[in-house]
> 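Starting off with a structure, shown below.
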2 protein chains.
Amino acid sequence: MALLNGGANGMNTPTSSSDSVEQVTLCHICSDRATGNHYGAISCDGCKGFFRRSIRKEHNYKCRFNQNCNVDKTHRNACRACRLRRCMQAGMKAGAIQNERDVIGKRRKIESEGETSGQFLQSLLVSEKLCLQLRESVIKSTEQVVYDTGKIKYNTHPAHFATLNDVGTSIHQQLCILVEWAKSLIQFQELPLNDQAALLKACAAPLIVHGVAYRSLSTDGGVYLANEKILSTEEATLIGDINLVVSRIINELVIPMRELGYDSTDYVALKAIIFFNPYIIRPTNPTVASILKNARLLALKALKNQRPDDLDECRFGQLMLLLPAVHSIAQQLVEDVQLCHLFQLINVDDLMQELILNDGSKANKDTVPHAVIEKLKSPV
Amino acid sequence: MALLNGGANGMNTPTSSSDSVEQVTLCHICSDRATGNHYGAISCDGCKGFFRRSIRKEHNYKCRFNQNCNVDKTHRNACRACRLRRCMQAGMKAGAIQNERDVIGKRRKIESEGETSGQFLQSLLVSEKLCLQLRESVIKSTEQVVYDTGKIKYNTHPAHFATLNDVGTSIHQQLCILVEWAKSLIQFQELPLNDQAALLKACAAPLIVHGVAYRSLSTDGGVYLANEKILSTEEATLIGDINLVVSRIINELVIPMRELGYDSTDYVALKAIIFFNPYIIRPTNPTVASILKNARLLALKALKNQRPDDLDECRFGQLMLLLPAVHSIAQQLVEDVQLCHLFQLINVDDLMQELILNDGSKANKDTVPHAVIEKLKSPV
DNA sequence: TCAAATCGGTCAAAGGTCCC
DNA sequence: AGGGACCTTTGACCGATTTG
């Protein structure tokens with residue numbers, strides 16, 4: 001059984017010694033017999049279940065040793081922190097963990113008022129899934145046509161190291177997806193056009209940083225750009241101050257996220273919290289502020305209601321502490337991009353200009369963001 | 001539950017009509033009530049645990065009698081050798097004993113945990129009170145002597161409108177108080193000197209912004225500087241970009257704080273959360289990171305345990321949302337001060353230079369902050 | 001249509017905890 | 001210094017859903 005094709009995952013299998021007789025595929029985490037591709041990694045049933053339980057529940061594992069425990073079939077239960085780390089390294093994605101299904105014999109949870117925040121969360125998950133699909137096509141379309149007319153691109157490896165040009169490409173792609181994501185949100189649709197544009201402008205950089213960090217949870221020693229390139233800390237040294245941004249993303253976001261067992265639900269909720277910021281823009285009318293406040297409150301509740309059994313670790317608070325880092329790193333990213341733009345190191349199109357480079361704190365608030373408006377108006 | 005279905009005979013009917021008498025299965029070793037099939041034998045929890053411990057520790061028991069001791073519920077602890085022999089005879093297999101696993105979360109976690117965060121909160125309130133007293137004297141001493149030798153000062157009104165020079169004075173005063181505040185915290189005292197300096201440097205600007213916002217809760221249309229001057233939005237327009245910082249403090253901090261009923265307890269807790277940031281510096285050793293994490297967790301718990309009856313408004317989350325604004329405004333403040341310094345608009349002494357202007361993100365991380373170190377060493 | 005692949009859940013039997 | 005009552009976690013096994 002288990003005809004493992006390993007198609008989507010282009011990772012090289014380190015089973016060099018298994019060329020003898022039996023063609024059993026081994027678990028990439030513990031080298032037990034694998035039963036298939038689970039959550040993005042070839043793995044056994046044990047590691048599959050372990051990963052699902054770890055993501056679903058709180059599970060703040062802590063390694064009692066040096067973060068490098070041996071993880072094999074006989075020792076995999078000795079250190080859950082290192083086992084989970086290995087799961088991430090092997091390519092398991094928290095985003096692949098679905099929601100709990102309805103079980104006929106089980107009583108449904110009594111939702112007094114949390115139903116609305118739960119519904120909101122569901123809609124966020126749906127929007128995220130749509131954008132994930134969109135990302136595939138955006139990557140392809142922008143790769144050759146829309147953006148970057150200059151350089152020849154090498155895309156032979158599914159995951160290879162990024163160039164400075166890739167950084168620009170990635171930012172551009174993420175901005176495109178970001179606009180579509182926003183447009184898919186009901187609360188966003190209710191806003192006037194200029195408030196929509198202002199909100200996007202104010203939150204674009206933080207949302208990009210947040211997204212990059214989330215995608216990089218399973219990557220070691222680098223960040224995972226939107227265009228499936230890896231920006232390693234070593235490579236990043238070569239291209240200006242970007243390496244500082246990269247290392248900050250890893251130290252201040254990726255590592256804490258891993259410790260907290262950050263999952264897709266956390267991600268979409270925090271994304272909404274970043275986005276629906278009533279104070280970051282000067283709303284045209286009180287209704288706008290009210291919509292934003294309401295949406296943010298729903299997202300807050302949704303995030304808080306994750307892991308209801310969390311009494312000790314104050315997980316919700318720890319998650320909220322990611323926000324200052326997100327904003328601070330975003331600010332630094334903007335400065336770096338501005339610098340790169342100044343020295344003509346990357347291509348900057350109108351969308352990037354309007355959403356990233358136009359500093360909202362400066363006096364040019366009245367400039368109309370034509371490209372953004374255009375994208376907001378277009379159907380898809 | 002553990003209804004023993006009897007692995008040997010497959011004729012078991014699921015919970016059928018055997019409810020006439022309680023059909024308890026007995027331990028095959030000691031005839032106590034069995035809890036299931038353990039290690040290959042129907043057995044009780046006692047024999048299960050005994051067998052595991054015996055195999056794990058490689059105990060060599062010796063029977064002092066004739067290898068045929070009675071092993072039942074009351075006598076099973078009389079002879080370990082015979083009990084272990086009976087375990088083997090009943091079918092227990094040493095091979096079923098696995099390796100030791102990772103630790104499980106403590107069962108009792110309610111004790112003293114909430115008390116600690118309460119104690120921590122109390123110590124924070126005490127430190128704050130001390131600093132409030134210190135502020136009085138600092139304002140007086142810096143007013144005429146320590147800082148600002150150039151300009152003539154007007155201090156006829158207890159609260160009057162501030163000049164740009166007052167901004168500099170206020171920042172300087174708050175830095176002095178900040179250092180003393182930090183020194184009064186036990187967790188801070190446990191840190192190495194260079195980590196102390198790094199932490200102060202990284203958090204000085206956000207803490208100042210946070211403090212200014214808190215003091216301005218009762219002021220309308222302006223912010224209340226440390227030196228009892230009011231910086232109004234109208235006045236601030238005159239002196240560069242400071243007006244933007246002032247209006248952001250009001251819009252993004254003061255107004256939300258008012259809506260939330262921000263009080264002194266919230267203030268000291270959030271201040272500690274801002275301060276004990278394990279990711280903002282690169283700690284010299286793991287202990288430092290651990291101290292910071294621990295302190296921040298205590299502060300988080302303290303803040304969360306405010307208003308325990310808050311279910312609807314998610315107050316804790318709303319309070320945490322102040323943090324991104326604090327950091328963002330702080331970053332802008334630093335830029336403005338840097339600009340003012342460049343154009344010689346305000347006086348900058350060593351302390352201010354080291355704590356505010358030296359951008360931690362730049363490469364000059366190795367510069368030793370002499371003035372800070374000096375202040376850290378001095379008794380008061 | 002249907003079978004492979006992969007998602008979800010279940011629960012006996014491993015584990016560990018901690019009062020006695 | 002274990003014993004053992006009580007709790008948590010593991011993973012083999014199964015059904016449900018999706019996909020080509």
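Everything numeric here is computed off the predicted structure, so don't read it as measured data. Computation of the quantities below employed the complete heavy-atom set of this structure, encompassing side-chain atoms and omitting hydrogens, waters and symmetry-equivalent molecules. Letters A, B, ... are given to chains in the order of the sequence lines, protein chains preceding strands, and every chain is numbered from 1.
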> One thing to verify: whether A/Asp263 and A/Arg56 come together as a salt bridge, which I'm taking to mean a side-chain N less than 4.0 angstrom from a carboxylate O.
no
> Rounded to whole Å, please give me the gap between CD in B/Glu100 and P in D/dT9.
17 Å
> Under 3.5 Å for both donor-acceptor distances, Watson-Crick or wobble: does C/dT1 have a partner, and if so which one?
none
> Has the side chain of B/Lys48 got a donor or acceptor that lies under 3.5 Å from a partner of the other kind on the base of D/dG3?
no
> Whole angstrom is fine here: how far is it from CG in B/Asp72 over to P in D/dG4?
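That distance rounds to 12 Å.
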> In whole angstroms, how far is the P atom of D/dG4 from the NE2 atom of B/His38?
13 Å
> Distance check: side-chain N/O of A/Tyr39 vs OP1/OP2 of C/dG8, anything under 4.0 Å?
yes
> Which pair of non-hydrogen atoms, one from B/Ala41 and one from B/Ile29, has the smallest distance, and what is that distance?
CB-CD1, 4.5 Å
> Under the rule for side chain to side chain donor-acceptor pair (under 3.5 Å), what residues qualify as partners of A/Ser184, not counting sequence neighbours?
A/Ser127
> In terms of ring plane angle, is the pair A/Tyr61 and A/Phe50 parallel, tilted or perpendicular, where the classes change at 30° and 60°?
parallel
> Could you give the CG-to-C1' distance, from B/Asp102 to D/dT8, as a whole number of Å?
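The distance from CG of B/Asp102 to C1' of D/dT8 comes to 12 Å, rounded to the nearest Å.
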> Between B/Arg101 and B/Asp32, who's closer to the 5' end of DNA chain D by nearest nucleotide?
B/Asp32
> Between the base of D/dG4 and the side chain of B/Lys73, is there a donor-acceptor distance below 3.5 Å?
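Check fails, no donor-acceptor contact within cut-off.
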> Could you tell me the separation between the NZ atom of A/Lys93 and the P atom of C/dT6, rounded to a whole number of Å?
14 Å
> Measure NZ/B/Lys57 against C1'/C/dG16 and give the value in whole Å, please.
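Taking NZ of B/Lys57 and C1' of C/dG16, I get 13 Å after rounding.
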> Heavy atoms only, 4.0 Å cut-off, all strands: where does B/Gly49 land among base, sugar-phosphate and nothing?
nothing
> Would A/Asn66 and A/Asn68 count as having a side-chain donor-acceptor pair, cut-off 3.5 Å?
no
> Can you tell me how far P of C/dC20 sits from CG of B/Asp45, to the nearest Å?
18 Å
> Please work out which residues in residues 75-85 of chain B have a non-hydrogen atom less than 4.0 Å from an atom of DNA chain D and list them by number.
B/Arg76, B/Asn77, B/Arg80, B/Arg83
> How many whole angstroms separate atom CZ of A/Arg56 from atom P of D/dT10?
15 Å
> What about A/Arg53: does its side chain form a donor-acceptor pair under 3.5 Å with the base of D/dG11?
yes
> Would you tell me if any nitrogen or oxygen in the side chain of B/Arg52 comes within less than 4.0 Å of OP1 or OP2 on C/dG15?
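So the side chain of B/Arg52 is within the cut-off, an N or O lying under 4.0 Å from OP1 or OP2 of C/dG15.
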> Which label fits A/Tyr214 and A/Tyr267: parallel for a plane angle under 30°, tilted from 30 to 60°, or perpendicular past 60°?
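It falls in the parallel class, under 30°.
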> Closest approach to the side chain of A/Phe50, judged atom by atom: which nucleotide of D/dT10, C/dG8, C/dA14 is it?
D/dT10
> What pairs meet the salt bridge (Lys or Arg N to Asp or Glu O under 4.0 Å) rule with one or both residues in residues 78-95 of chain B, with sequence neighbours excluded?
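The answer is none; no pair qualifies.
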